[in-house]
Peer 1: 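Sharing a structure with you now.
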Amino acid sequence: MRKTSDPDRRARRRWAVRAHATLLEQHGPQRWWPAEGRFEIMVGSVLAQNTAWRNVEKAVANLKAADMLHAEAIAQAEPEVLAQLIRPSGYFNVKARRLGSFCAWYARAGGYRKLRYWPTMRLRKALLGVHGVGPETADDILLYAFDRPVFVIDAYTRRIFARLGTIRGNEAYDELREVFEHQLARRSTVYAEFHALIVRHGNQVCRPTPRCEDCGLNAMCRFHRHQPV
DNA sequence: ACCCAGGGTCATA
DNA sequence: TATGACCATGGG
């Protein structure tokens, strides 16, 4: 029996590439992140922590209506005022403080015009040093606001690929990030599109109780194969 | 009425 | 390293 050619074998091992192609076929291009400017993306990624996007939109709209969508304005705002504006996004007291500390850092660093020249990993460390910015929020900002080739790991990523059987799901954040980054072409456009597809698939198809009948990944899914008929 | 949503921090073992 | 409590709104 003939041995599989090396390129085929490599492609089969790179399940992230196959999943990306399949999800792109099923859902189409996502064109993320849904926001108007870079700073709005950064604000959104803080407010989106463990929160439905619908609620984030309301909070961002409130900030915009109050003409507060600027780092200086947010950094100088009274915590209570800020909290009321972002109330729909939940955890409003916590997030008011997080948004404040992020904007204070951002303004002090000179904003995008200065930060754009920072090396990616230096920028990542600086972001992680801001109170309230953890690995996922930092990587959202790096990928979608700074166009850096950093892959974002979120709860959807863990759930989908744990079900597929390609990861356990409880790996350390940076370990998973590097697995995905190594499997894909190191380009921010690829990472951005793939993560967007993962989010789309995670909240429409691979939900807590999965809708396997609507899923294009069944052929490569261990979870689906083990489902009773 | 319950579960979940594009997490992170802090205390504890 | 690894759990658990806590934060809080709104939609299904």
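Note: hydrogens, waters and symmetry copies are ignored here, and every other heavy atom, side chains too, is used. Order of the sequence lines sets the chain letters (A, B, ...), proteins ahead of strands, with each chain counted from 1. Note that the structure is predicted; figures quoted are calculated from it, not measured.
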Peer 1: Tell me which residues in residues 159-179 of chain A lie within less than 4.0 Å of DNA chain C, going by non-hydrogen atoms.
Peer 2: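 Those residues whose heavy atoms fall under 4.0 Å from DNA chain C, taken from residues 159-179 of chain A, amount to none.
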Peer 1: Give the intermediate values and the outcome of ring-ring contact (aromatic ring centres under 6.0 Å, His included) for residues Y106(A) and Y112(A).
Peer 2: CA-CA 8 Å; Y106(A) 187 73; Y112(A) 183 76; 8.1 Å; no
Peer 1: Please name all residues satisfying side chain to side chain donor-acceptor pair (under 3.5 Å) with N55(A), sequence neighbours left out, ordered by chain then number.
Peer 2: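 By the side chain to side chain donor-acceptor pair (under 3.5 Å) rule, N55(A) matches no residue at all.
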Peer 1: With the 4.5 Å side-chain cut-off for hydrophobic clustering, are V199(A) and V205(A) part of the same group?
Peer 2: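 V199(A) and V205(A): separate clusters.
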Peer 1: State, without any angle test, whether R14(A) and Q183(A) hold a side-chain donor-acceptor pair at a distance under 3.5 Å.
Peer 2: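 No - no donor-acceptor pair under 3.5 Å links their side chains.
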Peer 1: Starting from C1' on dG8(B), measure out to CG on L127(A) and report it in whole angstrom.
Peer 2: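 From L127(A) CG to dG8(B) C1': 14 Å.
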Peer 1: If only side-chain N and O atoms count, and only distance matters, is there a donor-acceptor pair under 3.5 Å linking H131(A) with R98(A)?
Peer 2: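 No pair is found: no donor N or O on one side chain lies under 3.5 Å from an acceptor on the other.
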Peer 1: Can you tell me which stems DNA chain B forms, taking runs of 3 or more consecutive Watson-Crick or G-U pairs with both distances under 3.5 Å?
Peer 2: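 Consecutive-pair runs (3 or more) involving DNA chain B: B:2-5 with C:9-12, B:7-13 with C:1-7.
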Peer 1: dA5(B) P sits how many Å from E136(A) CD, rounded?
Peer 2: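 The distance from CD of E136(A) to P of dA5(B) comes to 12 Å, rounded to the nearest Å.
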Peer 1: Once each nucleotide of nucleotides 7-12 of chain C is scored for protein heavy atoms under 4.0 Å, what B/S/- sequence comes out, 5' to 3'?
Peer 2: BBBSS-
Peer 1: Is there a side-chain contact between P88(A) and R54(A) in this structure, where contact means two heavy atoms from C-beta onward sitting under 4.5 Å apart?
Peer 2: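 No, their side chains stay 4.5 Å or more apart.
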Peer 1: If we take the P atom in both dA8(C) and dC10(B), what is their distance in whole Å?
Peer 2: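 Here dA8(C) and dC10(B) have their P atoms 14 Å from each other.
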Peer 1: From CZ of R158(A) over to P of dA5(B), roughly how many Å is that when rounded to an integer?
Peer 2: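 In whole Å, dA5(B) P lies 14 Å from R158(A) CZ.
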Peer 1: According to the interplanar angle, ranging from 0 to 90°, do the rings of H195(A) and Y144(A) count as parallel (below 30°), tilted (30 to 60°) or perpendicular (above 60°)?
Peer 2: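 The rings of H195(A) and Y144(A) sit tilted, inter-plane angle from 30° to 60°.
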Peer 1: Hey, could you give me the NE2/CZ distance between H182(A) and F151(A), rounded to the nearest 0.5 Å?
Peer 2: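 One gets 13.0 Å once the value is rounded to the nearest 0.5 Å.
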Peer 1: Under a 3.5 Å cutoff, is there a donor and acceptor pairing between the side chains of S188(A) and R148(A)?
Peer 2: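 Not at all, the side chains of S188(A) and R148(A) share no donor-acceptor pair under 3.5 Å.
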Peer 1: Between W32(A) and D140(A), is there a side-chain heavy-atom distance shorter than 4.5 Å?
Peer 2: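 With C-beta onward as the side chain, the pair stays apart.
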Peer 1: DNA chain B: W53(A) or V130(A), which has the more 5' nearest nucleotide?
Peer 2: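 On the 5' side of the pair lies W53(A).
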Peer 1: Quick one: hydrophobic cluster around Y91(A), which other residues, with the 4.5 Å side-chain cut-off, linked directly or via members?
Peer 2: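 Members other than Y91(A) - counting any ILVMFWY side chain reachable under 4.5 Å - are V94(A).
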Peer 1: Reading DNA chain B from 5' onward, which residue's closest nucleotide shows up sooner: R97(A) or A48(A)?
Peer 2: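 Between the two, 5'-proximity favours A48(A).
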Peer 1: Going by atom types alone, do R187(A) and T189(A) pair a side-chain donor with an acceptor below 3.5 Å?
Peer 2: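 Per modelled atom types, R187(A) and T189(A) side chains form a pair under 3.5 Å.
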Peer 1: Indicate, with a heavy-atom threshold strictly under 4.0 Å, whether H131(A) touches base, sugar-phosphate, or nothing.
Peer 2: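 Result for H131(A) = sugar-phosphate.
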Peer 1: Applying ring-ring contact (aromatic ring centres under 6.0 Å, His included) between F180(A) and each of Y191(A), W15(A), Y173(A), report the one that passes.
Peer 2: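 Only one option passes, and that is W15(A).
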Peer 1: Check DNA chain C against residues 137-155 of chain A and give the residues with a non-hydrogen atom under 4.0 Å, in numerical order.
Peer 2: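 Result for residues 137-155 of chain A: none.
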